[in-house]
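Atom set for the values below is all heavy atoms of this structure, side chains included, hydrogens, waters and symmetry mates excluded. Lettering of chains follows the sequences in order, A, B, ..., and the numbering in each one begins at 1.
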There are 2 protein chains.
Amino acid sequence: MASVTIREVAELAEVSIKTVSRVLNNERYVKEETRKKVENAIHKLGFVASIPARRLASGQSYTIGLIFHNASWHYIQDVQKGVMETAHQYGYSTLLHPCDITSENNAHGIMNLVYQKQVDGFIFTPPADNAKGLILELKNIQFPFVRLTPMDRESQLPYVSATDKQGAFDMTMYLIQLGHTRVGYIIGPQEQRAAHDRFAGYTDALQEAGIRFDQSIVMQGDDHFESGYSAASKIVSLQNRPTAIFCNNDEMAAGAMSAIFEAGLKVPEDISVAGFDNIPLSRQIWPPLTTVEQPISEIAEMATKHLIALLRGEEVECLHCNIPTRLVIRKSTR
Amino acid sequence: MASVTIREVAELAEVSIKTVSRVLNNERYVKEETRKKVENAIHKLGFVASIPARRLASGQSYTIGLIFHNASWHYIQDVQKGVMETAHQYGYSTLLHPCDITSENNAHGIMNLVYQKQVDGFIFTPPADNAKGLILELKNIQFPFVRLTPMDRESQLPYVSATDKQGAFDMTMYLIQLGHTRVGYIIGPQEQRAAHDRFAGYTDALQEAGIRFDQSIVMQGDDHFESGYSAASKIVSLQNRPTAIFCNNDEMAAGAMSAIFEAGLKVPEDISVAGFDNIPLSRQIWPPLTTVEQPISEIAEMATKHLIALLRGEEVECLHCNIPTRLVIRKSTR
DNA sequence: CTGAAAGCGCTTACAG
DNA sequence: CTGAAAGCGCTTACAG
């Protein structure tokens with residue numbers, strides 16, 4: 001366990017430790033011959049640099065904190081993948097930090113990561129970015145962060161979103177073109193920006209098609225399966241029920257389908273169902289779900305690149321990015 | 001950004017930095033009065049200790065590496081939750097390390113985490129533990145690790161498993177008691193210990209019930225939806241098809257159900273389907289899936305506690321733990 | 001292109 | 001119960 005240090009490498013290579021450090025960090029201004037000597041010594045001794053030492057000496061953690069709400073482990077999966085892969089590619093680690101956004105003192109835990117020097121920057125997923133005070137504090141001390149689909153869109157702060165409104169508009173139009181004139185809707189949680197945007201896309205499409213908005217076939221959900229199930233149960237039992245239901249996300253759409261089946265009806269024969277997100281679940285239920293693809297990994301990747309650029313003090317192309325969505329037509333609609 | 005250090009706290013409290021360190025680490029032998037003075041100073045200055053400094057000085061990372069196969073982000077979710085929560089509870093961080101077990105040099109990346117002093121111990125999820133050379137190397141240098149459901153069960157090395165064989169036995173018996181005499185089976189990937197154990201539970205149950213094992217209604221799968229789908233497609237088109245299909249995991253069971261529906265048959269009226277794991281998906285398909293609950297979070301929690309005990313040099317109760325499974329009866333069987 | 005010195009902010013090992 | 005010294009293994013800032 002007594003591991004090799006930079007000092008031993010320097011001795012063997014007959015250079016100073018600073019020169020070894022230069023080679024390790026790929027700095028310029030090292031004579032090719034010297035570099036070779038050092039590399040040989042490193043190889044011979046099986047030297048691997050200590051990350052904690054580097055972190056302490058440099059004052060940087062080379063780590064990105066990914067902040068998300070406890071309750072959204074599912075949504076977080078693709079984000080996690082996108083962030084971790086991109087971060088790794090640029091030599092950064094990722095620190096996952098699930099937290100309870102409903103708790104008053106979650107900001108404390110997050111600020112501690114800063115003061116403990118565990119992270120150099122943050123990525124926030126919704127609705128973890130709703131903590132106003134926290135965001136303000138980070139902004140004040142100029143600590144870098146990028147948010148995913150944040151609620152407020154103050155123009156100074158960077159964020160990455162999907163084209164949620166357009167996506168929902170497209171899907172609603174698709175349903176209308178299929179001949180549906182009564183399209184029900186299950187809304188997502190109010191604290192999420194995307195829920196508002198998607199709903200707006202739905203109402204815009206109705207308007208454009210000249211269809212009157214009908215409040216009675218619109219229900220509030222919370223993005224979980226159960227709420228899709230119960231909302232759809234109510235919609236299905238309506239006197240004049242819709243011929244299609246569009247849900248804020250795939251999980252609620254799956255819940256809606258279960259409710260429809262339980263009521264003895266068929267999808268899509270009796271009612272068409274559409275979702276949003278294109279998570280694996282949407283392919284794993286029967287019939288496979290028509291949905292709007294939200295390229296979560298891509299969003300996460302973009303956000304990570306943006307953050308790393310900030311950390312490196314590089315120029316950033318777009319302060320606010322909107323990644324396009326696209327329709328995925330499967331068998332739950334007709 | 002010029003943050004407060006232990007030195008400034010010591011000055012304000014009029015003690016040595018060592019005493020501040022004692023208070024920070026909750027060591028005994030600090031006079032109550034001194035402790036108060038230090039705590040006041042900490043509070044007044046808003047001091048937060050630097051983690052990288054602590055790591056370098058102590059030679060410990062207080063971090064657990066969670067090693068899993070790239071391709072199993074889904075399975076990993078509950079493991080991740082269990083490990084992270086338990087680790088956090090004991091003051092440890094978690095470093096996620098997805099890797100490609102099929103790659104020859106994945107061992108290198110993992111050993112680097114050790115040499116870079118990024119982690120104090122590992123938890124391996126299957127099939128990430130199949131790298132024989134790596135396991136041997138870790139064992140040789142006595143680096144602590146705990147494996148989840150490992151393939152080999154060398155008695156020296158700690159692991160945590162579920163009672164996979166018993167669980168599959170119970171489910172098969174349940175199906176037989178329901179009146180099924182022809183129960184098909186979709187096997188899991190050969191590189192997974194659990195796949196072997198579960199299949200053994202199935203054959204044991206058949207034997208105990210005096211039912212002849214029929215190779216023709218047993219198919220090989222790989223735990224993914226698609227393989228469940230294609231295996232079930234074949235089973236369904238058999239002349240003398242079974243009246244029930246038991247799958248190595250829930251995802252394949254969902255795939256099997258889709259294949260059955262596509263063939264114009266009904267679940268459970270024409271064919272009963274059962275899975276294993278009890279992942280969220282099992283409740284989100286219709287009809288909801290009868291399955292065997294594998295308490296993944298609990299397994300992960302147990303493994304983490306075990307590992308931390310090793311790190312602390314504490315006694316460990318059970319070197320090899322087997323967490324019990326239980327039947328979850330829903331509507332996909334009758 | 002290379003190096004000597006100082007320091008990052010803690011803990012360890014020892015002494016009292 | 002408390003402290004002075006040394007050191008963890010690197011990087012920074014500066015000098016040449």
Taking only residues two or more places apart in sequence, or in another chain, which ones meet [X] in a ring-ring contact (aromatic ring centres under 6.0 Å, His included)?
X: F68(B); answer: W73(B)
X: F122(B); answer: F124(B), F143(B)
X: H320(B); answer: Y159(B)
X: H88(B); answer: none

Show the distances under 3.5 angstrom between N or O atoms of the protein and N or O atoms of nucleotides 9-11 of chain C.
unit_1  : atom_1 : unit_2 : atom_2 : d
dC10(C) : OP1    : S50(B) : N      : 3.4
dC10(C) : OP2    : I6(B)  : N      : 2.8
dT11(C) : OP1    : N25(B) : OD1    : 3.4
dT11(C) : OP1    : N25(B) : ND2    : 2.9
dT11(C) : OP2    : S21(B) : OG     : 2.5

**Pairing stems for DNA chain C [at least three consecutive pairs; Watson-Crick or G-U; under 3.5 angstrom]** =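 DNA chain C forms these stems: C:1-3 with D:14-16, C:5-12 with D:5-12, C:14-16 with D:1-3.
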Can you give each donor-acceptor pair under 3.5 Å made by side-chain atoms of residues 95-102 of chain B, sequence neighbours left out, with the distance rounded to 0.1 Å?
unit_1  : atom_1 : unit_2  : atom_2 : d
D100(B) : OD1    : T102(B) : N      : 3.0
D100(B) : OD1    : T102(B) : OG1    : 2.6
D100(B) : OD2    : T102(B) : OG1    : 3.2

**Request:** Would you please confirm or rule out a distance under 4.0 Å between OP1 or OP2 of dT2(C) and any side-chain N or O of T19(A)?
**Result:**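 Indeed not, no polar side-chain atom of T19(A) lies that close.
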**Request:** Mind jotting down which residue pairs meet the side-chain hydrogen bond (donor to acceptor under 3.5 Å, both in side chains) criterion with at least one end in residues 43-52 of chain B? Sequence neighbours excluded, please.
**Result:**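 As it turns out, there is no side-chain hydrogen bond (donor to acceptor under 3.5 Å, both in side chains) pair with a partner in residues 43-52 of chain B once direct neighbours are skipped.
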**Asked** For A49(A), which residues count as a side-chain contact (heavy atoms from CB on, under 4.5 Å) partner, sequence neighbours excluded?
**Response**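 side-chain contact (heavy atoms from CB on, under 4.5 Å) list for A49(A), sorted by chain: L24(A), F47(A).
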**Asked** Which residue pairs pass the salt bridge (Lys or Arg N to Asp or Glu O under 4.0 Å) test when at least one of the two sits in residues 306-323 of chain B, sequence neighbours left out?
**Response** R312(B)-E314(B)
**Residue from L310(B), V119(B), L157(B) passing side-chain contact (heavy atoms from CB on, under 4.5 Å) with F145(B)** = L157(B)
**Strand contacts (DNA chain C) in residues 27-41 of chain A, 4.0 angstrom heavy-atom criterion** = Y29(A), V30(A), K31(A), T34(A)
**Request:** Whole angstrom is fine here: how far is it from CD in E14(A) over to P in dA4(C)?
**Result:** 13 Å
Donor-acceptor contacts under 3.5 Å from residues 8-23 of chain A side chains, at least two apart:
unit_1 : atom_1 : unit_2 : atom_2 : d
E8(A)  : OE2    : T5(A)  : N      : 3.3
S16(A) : OG     : K18(A) : N      : 3.4
S16(A) : OG     : T19(A) : N      : 3.3
S16(A) : OG     : T19(A) : OG1    : 3.3
S21(A) : OG     : N25(A) : ND2    : 3.4

